[in-house]
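Here's the structure we're looking at; comments come further down.
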Amino acid sequence: MSEQAQTPNANFKPRIFSGIQPSGGLTLGNYLGALKRFAQKQDEGIETIYCLVDLHAITVWQEPEALRRNTREAAAAFIASGVDPKRSILFNQSQVSAHAELAWALNCVARLGWMNRMTQFKDKAGKNAEKASLGLYAYPALMAADILLYHATMVPVGEDQKQHVELTRDIAAKFNHDFKTEFFPSPEPLIEGAATRVMSLRDGTKKMSKSDPSDASRINLTDDADTIAKKIRKAVTDPEPLPSELDGLKDRAEARNLVNIYAALADMTPDQVLGEFGGEGFGKFKPALADLAVAKLAPISDEMTRLMNDPAEIDRTLGDGANRADEIAQPILGKTLEIMGMIRSR
Ligand code: ATP
Ligand code: MG
């Protein structure tokens, strides 16, 4: 991929777009890989647009009532993590219909060969890919539409989404090339920090995910202090003490994961964490990690509970965000379709 020439982003104003699926309760992985960094980007003064991607969530089965609740709860998690819906735009995807419309146009730009290389589809469809929804297959083209609809130049994501952002760049480049234009920017994935890929607490080779059937595999933002401590205590590890150098974690995925989580929560580097805990066993490190996780997550979880007491207010916030998103999206959608040769005469 990436054989097409990329458009330099110098012609585009810096703008961040990212999203999270309301496909379940949010996890520590979502917090460290996404939410925490979303708030930091907003505080750096960059224009930030954040989306609860409900159209992505339905690529696998969602109970309608659970989807509604998870969407509101995810909105509460954004706000509780420091995303200010006045300074950022925060909305749910399906309220801005341009996402689905641009996705259709980009379905016709993306190539089947590109889609067939997407590892998330392979992971999520599993062995029974014939039974997966067509939407799950087309998911990356919808994600490209989410990003390009705002001419976003930067996309903060976890490591697992890098391939999808690269596909977005390929779709943008092919569109620009085919229509002899420089209409779309080439968005950069921003994958930063100590915890860009938080692993399952039960299996150090698997990513922590909100849709993992095992609740013990993840820390949910809504878990109480006892549950967090218990899950960390039971996290799979090896019997060795922690090394003093990063090199010593090379073949110890589970230990490395817990060190990375500690580092990200404490705003330290993994090296600094090993400087403090090198030579110690998990009997000492796990309780320290549990205390730190509770100290950082409890205020978020408390604020989420408070916000969830007023779902109508959350809905108003999402509606307001959708209005503001729509104002940016509509002209870009219109122009895209016009470039492709469609008559726009309303
Ligand atoms: P699902 O299992 O439904 O796909 P998920 O936990 O993978 O849920 P997504 O909504 O797909 O969450 O992803 C939202 C954001 O969180 C993305 O930027 C993704 O890269 C990031 N993210 C998800 N899981 C992790 C993780 N384990 N570590 C770091 N970042 C993560
Ligand atoms: Mg995911």
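All ligand and atom numbering here is 1-based and tracks the order in the structure. Because only heavy atoms are used, hydrogens play no part in the values below, and waters and symmetry mates are left out as well, while side chains stay in.
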Between ligand 1 and [X], is the shortest N or O to N or O distance under 3.5 Å?
| X | value |
| --- | --- |
| M199 | no |
| G19 | no |
| D160 | yes |
| K207 | yes |
| T27 | no |
| S18 | no |
| M208 | yes |
| S23 | yes |

Please report the C-alpha distance between D43 and Q40 in whole Å, then the side-chain angles of each, then the deciding distance to 0.1 Å, and finally whether the side chain to side chain donor-acceptor pair (under 3.5 Å) criterion is met. CA-CA 5 Å; D43 295 343; Q40 286 165 345; over 6 Å; no
Counting only heavy atoms, which portion of [X] has something under 4.0 Å from ligand 1: side chain, backbone, both, or neither?
| X | result |
| --- | --- |
| R197 | backbone |
| A34 | side chain |
| S209 | both |

What residue and atom, counting heavy atoms only, is the protein's closest point to [atom], and at what distance?
| atom | result |
| --- | --- |
| atom 11 (O) of ligand 1 | Q21 NE2, 3.1 Å |
| atom 17 (C) of ligand 1 | Q161 CG, 3.9 Å |
| atom 14 (C) of ligand 1 | I20 CG1, 3.7 Å |
| atom 16 (O) of ligand 1 | N30 ND2, 3.2 Å |
| atom 31 (C) of ligand 1 | G29 O, 3.5 Å |
| atom 12 (O) of ligand 1 | K210 NZ, 3.0 Å |
| atom 2 (O) of ligand 1 | S211 OG, 2.4 Å |

Hey, does the side chain of [X] reach the backbone of [Y] with a donor-acceptor pair shorter than 3.5 angstrom?
| X | Y | value |
| --- | --- | --- |
| K335 | F183 | no |
| E182 | H177 | no |
| Q163 | R117 | yes |
| N260 | A195 | no |
| N257 | M199 | yes |

Residue set satisfying side-chain contact (heavy atoms from CB on, under 4.5 Å) with I58, at least two apart, ordered chain then number -> Q62, L67
Run the numbers for me: atoms of ligand 1, each under 4.0 Å from some heavy atom of [X], listed by number.
| X | answer |
| --- | --- |
| G158 | 18 (O), 19 (C), 20 (O), 30 (N) |
| G33 | 29 (C), 30 (N) |
| V198 | 26 (C), 27 (N), 28 (N), 29 (C) |
| K124 | 1 (P), 3 (O), 4 (O) |

How about [X] and [Y]: are their ring centroids closer than 6.0 Å?
| X | Y | value |
| --- | --- | --- |
| F17 | H151 | no |
| Y139 | F121 | no |
| Y50 | F91 | no |

Electrostatic pair E166-R169, nearest N-O below 4.0 angstrom = no
Quick one: does L32 get a heavy atom under 4.0 Å from ligand 1? no
For S209 and T27 the tightest heavy-atom approach is C-CG2, 4.0 Å
- Query: So D320 and R324, salt bridge (charged side-chain N to carboxylate O under 4.0 Å, His left out) or not? Walk me through it.
  - Reply: CA-CA 6 Å; D320 172 63; R324 287 154 60 211; 3.4 Å; yes
**Item:** Stepwise salt bridge (charged side-chain N to carboxylate O under 4.0 Å, His left out) check, K230 with D224
**Value:** CA-CA 10 Å; K230 193 163 133 214; D224 61 26; over 6 Å; no
